[in-house]
Amino acid sequence: MDPIVYVSLGAALAAGLAGAASAFGVGVAGAAAAGVVAEDEKNFKNALILEGLPMTQSIYGLITLFLILMVSGILGGGFKFTANTPDNIVKSAILLGAGLTVGLTGLSAIPQGVIASAGIGAVAKNPKTFTQGIIFAAMAETMAIFGLVGALIMIVTGVGF
Amino acid sequence: MFRPEEMVKIEVITLNRYKDGLLTYLHENGAVEVRELNVKVAQRDSPNEYHRKAASYSITISRLVDFLRAHKRKGKGSIKEFIFPPERKKRKYKYEGIEKLIKDVEEFLSKVEPEVKAIEAKITSLQTEIERIKSDISVLELLSSLNIEVSYLRSTDMLEIVVGTVDRNRFKPLLEEVSKATGGRVVVVSKELKDRVLAVFVFLKGDYEKANPILAKYSLERIEIPEGEGTPRELIREYEAKLKEREKDLEDARKDAEKLAEKYYEDVVFYKELVENERDKSSVLPMLARTNMTFALTGWLPRADVTKILEGIKRLTGGKAYINVREPSEEELEEIPIKLNNPGWAKPFEMLTEMYGVPRYDEIDPTPIITFTYSFFFGFMLTDFMYGLIVGLVAALLVKGHKKLNDGTYKFAYTLLISSFFTMFMGAIFGSYFGNALDLAGFHVPRVWDTFENALVVLQLALAIGLAHLFTGYTIGFVVKLKNGDKKGALFDQLSWMLIILGIVVLALASGSQSAKLTGEVIFGIGLVLFAIGEVVNNKGLAALLIISDFFGFVGSWLSYARLMALALATSGIAMVVNILVQMIWGIKFLYIGPIVGVILFIGGQLFSVAINSLGAFVHSLRLQYVEFFGTFYSGDGKPFEPFKAKREVSELEFEA
Amino acid sequence: MSGILDTTLALVFTWVGYKTSMIIYKYTPYSYPNARIKAMEAKLLIEQRFNELAESRTLQNFVVSLEDTPYRDYLADLQSYDVESIERALEKALAGTYELMAKILPKRVNPFFRLLLEEWDVRNITSVVKAKLADEPAMDYVVEIGPMLQKVKAMAEAKSMEEILVILEGTPYEEPYQKLLLGEIDVRAFETELYKMHYGKLLDYALSKKDEERTILEEFVRLRIDKLNILTALRGKAARLSAEEIRPMLIPGGSVKLDPLLHVEDLSMALAELDSTKYGPVIRDVREEVEKDLGVLERVLEEHIIERMNELNRFYPLSVATPLGYVLQKEREVRKLRAIAKLISDGLPPERIKELAGDVA
């Protein structure tokens, strides 16, 4: 395959998968938020913050997308790996790998949404559990963070600015 | 600092006639947490008639408050009021015993309650009437499709008339069965609606009984015919006129209620607070022991308040009281309530410790440490000078406005304010001002590292900070356990990890030097061996499994600090995305669209970025404290200090003490 | 080489996709209803509220104190403050709860709540039939819930037993009622027959589900069957009926074997037998009270079901256990409120009301 295919696939998968997962996650939590607000509007603030948590994965995806576009030169200047040399193919494959890592670990947004949803319910029942709910939901994000760190190492060491 | 407030136990026995005074004194002071007293010979005290009255009046008054609040003219509810909430005036009340207070409340209620109730009843009855008229209108609208005089639809002496709706496909069999049962002596007028049929059945009085069960079998839903004469259309007009009239009445009644609210709202809230505090005061009665003449009370109070409280009790009882203040005993360790004790600069951060759980009496209070680490991590993750400035400005305003209230908003804003300093500092180090906005604008920004280009340095930094954080935790745990005599725990659970961390540090710094490398390996090895022995001692058979899982648990905790770098990167990443988009748009010269849209996009985008990244920084900084840091040494199993204390927002008690 | 790579990738993606869609399928539909129910749970009345209600002294105060609760809507159109209309309003509130559950829960379980509602039909029909047979005013026994409420009311107003048959025509209850009319079965057997039908339906539905839904629903149904059977058996024993007399009254599908319990002499021995079943720990603490009053046992068993649902709820926060636990708690609350209203109208002092209302729930 041509390097451009790898690069654009990597960028697309990073932002696309993570974004889709975030959408599902926020969707699940959002349904719960709508539920508790239907009963009592006082729950709005707490539910809103918990609902926002699964959004981070899409941000990681977006950042990775931009990083990939930048190091490959698509953004600013011109595409660096136009020639079909082995070196270029390796570099662009690394970028694909980095994108895939962020995209797949970004799937953690879905379970995070499920946790946030349960947390929103728990907070509605007992507002004191708000912080705990946030921490539980933040646990699921760890994988996405590891993914981003891993991807970053791949991009910086494997390709470089 | 580092230790919860020292607590002592107090025991008081005095005459019954001082009870009300003494409880009021303690309640207003709020320094003692009253505990249940178990004495075999004496009986439990219980609320008397006045206390019960206080309870029932508090319900009555809070209903009045609810009603009046609902009809009070709304304040503007502006942002200004949120940032600078107006101080509520405290009204004085001269307290002369609960009997007098209840009498005053009764007097007040006898005047106000009938007035409020009258208006409330008027509003409710008008509302029900309006509802009824509306439902009558909808029935009439249904009937209007028949266009029969309404009076013909009512039963007479001879005829039984039933109006109702039934499922469309069940109408035919119903008709057949009914006419069979009545021998054809039935008249039916019907009209097909969407999926139901509206039907009027006319029976002879004598046939009705036969037909009725059949109507029930086919689930005929009966319709009550509204009062009045004329065709449905005419009646609807009549009813609508009536509706308008009632709605106007309702509006007037609401205005009256508004006036009433203006007149009495403050009073009602004031009396509500008075009786609610009485009710709260009576809640400790079952914890007291009493005899015919005396009663006894026990509880915990901070050592700092002892002299004041002792003097107060003596003054109140004229010295006729037995008072005993003593140190907590070894067995009572578990039940000593914990009041955190930190200097002013760390006080608001107690909120974060309390959210996790207060320390046990023999544990260390981590608040001063997390004051620093929480704020620092927050700053590290937000890493932007301008973002720090924005957060800091908002927080400073809130701190100023809420300082007097000392409420949750104040505490939270204070933590944000401190964190914002770190944010600005870290932002300056990474040369981040709205991300790379200044670079794109062509300025030369001084920076130590760049978040993207030196990403690996940032990662190393994050991991080093994590190691230091964990090491602090283990060290504190080591000291605490040693102090409490848990030598085994100190050695195996804490020292082992300290050595492992030290080993890792030496190995990382060794860079080439063989002897340093060897030292590192030795330290690491000793730590590992201690840890393994500890696992075997603690868990016997499962040790092999747990050694592996706990060791990787530690590695996981450590790597978890990589989120410092990931979130720092996320901040500059989003800022960069916004900046690049603005830069792209800026180029459109036509009608200044570029700059105009660009500015809007820039402001909106950066504000969004501040919001989402602050949330992330808050959540993850807190998580690093709660999960990783507290996991190394802290239980948070303590029972928070809940003093016997009156809630006074709009009232103030004057009483002889 | 690239073949292996492609296959691996395809496998990984399929697996991830499958798992992800499973998570979404399983939890998303419960997200909204369960969060909403949790918020509703926060509004359940606490002990202190019940005590305050017990202090009301008049029914008007009682109604007024309920005005900041979800009962408000149902109490708003109260014509007068008498026990009957208050009870009706409370029953309507309970019916409203069931209907809300059926409305907001995902399609794959909400029929269960409609089925649950049918239990009220069964109760109503049997009480109306019993009242008719005893020549009592049947309307007093009708509870304002159930999908067939209209018919039940018509039954209560019916002048003869044959009229009731006409009303029941076409419903599943027609056949047992016909048998009752023909004298093939007595009224007790009629009642058992209705309950058997009802629980049979519930159990069939529960067993037709999959995974944790099945686990939870099945446990719920079996627990309820057990509760009924244990009560029937012990009541029978208290009345010194023989095993053969009691057995036909039991509903099949329970999770404990009650046979050994049927063959003992009297109530206390039956309780001893029960002690060796899984309900042993449940009744152990209240055994002495139970021997005096089987109502205590009913309460304890009900409490046990709620507790079990709460356990399942903690284990599966986004599952059907949450609504099940909620409706049970709501049922208990309504029962307690009804009792308090009744006791207030009887003019009992607040202390007594608190005591007695505690016994109801």
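Convention: sequence-line order gives letters A, B, ...; per-chain numbering from 1.
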For this session: Identify the heavy atoms of C:K151 and B:S219 that sit nearest to each other, and give their distance.
Result: CE-OG, 3.3 Å
Seminar exercise, completed: In terms of heavy-atom pairs under 4.5 Å with chain C, the winner among B:E221, B:R279, B:K210, B:R222 is B:R279
For this session: Please report the closest heavy-atom contact between B:E177 and C:V166, naming both atoms and the distance.
Result: OE2-CG1, 4.4 Å
Exercise. Is it true that atom CD of B:E227 has more than 12 heavy atoms of other residues, nucleotides or ligands lying nearer than 6.0 Å?
Worked result: no
Problem set entry | Residue selection (most heavy-atom pairs with chain B, distance under 4.5 Å) from C:E163, C:K153, C:E157 | C:E163
Seminar exercise, completed: Cut-off 4.5 Å, heavy atoms of chain C, and the answer for B:E120 is side chain
Problem set entry | C:Y141 atom OH: more than 12 heavy-atom contacts under 6.0 Å | no
For this session: Below 4.5 Å from any heavy atom of chain C, which atoms of B:Q127 appear? Answer side chain, backbone, both or neither.
Result: neither
For this session: Verify the neighbour count for atom NZ of B:K205: are there more than 12 heavy atoms of other residues, nucleotides or ligands below 6.0 Å?
Result: yes
Problem set entry | Among C:I167, C:I164, C:T171, residue most engaged with chain B (heavy-atom pairs, under 4.5 Å) | C:I167
Problem set entry | Heavy-atom neighbours of B:E36 CD exceed 12 at 6.0 Å | yes
Exercise. Are there more than 12 heavy atoms of other residues, nucleotides or ligands under 6.0 Å from atom NZ of C:K201?
Worked result: yes
Exercise. Would the number of heavy atoms belonging to other residues, nucleotides or ligands and lying under 6.0 Å from CZ of B:R168 be above 12?
Worked result: yes
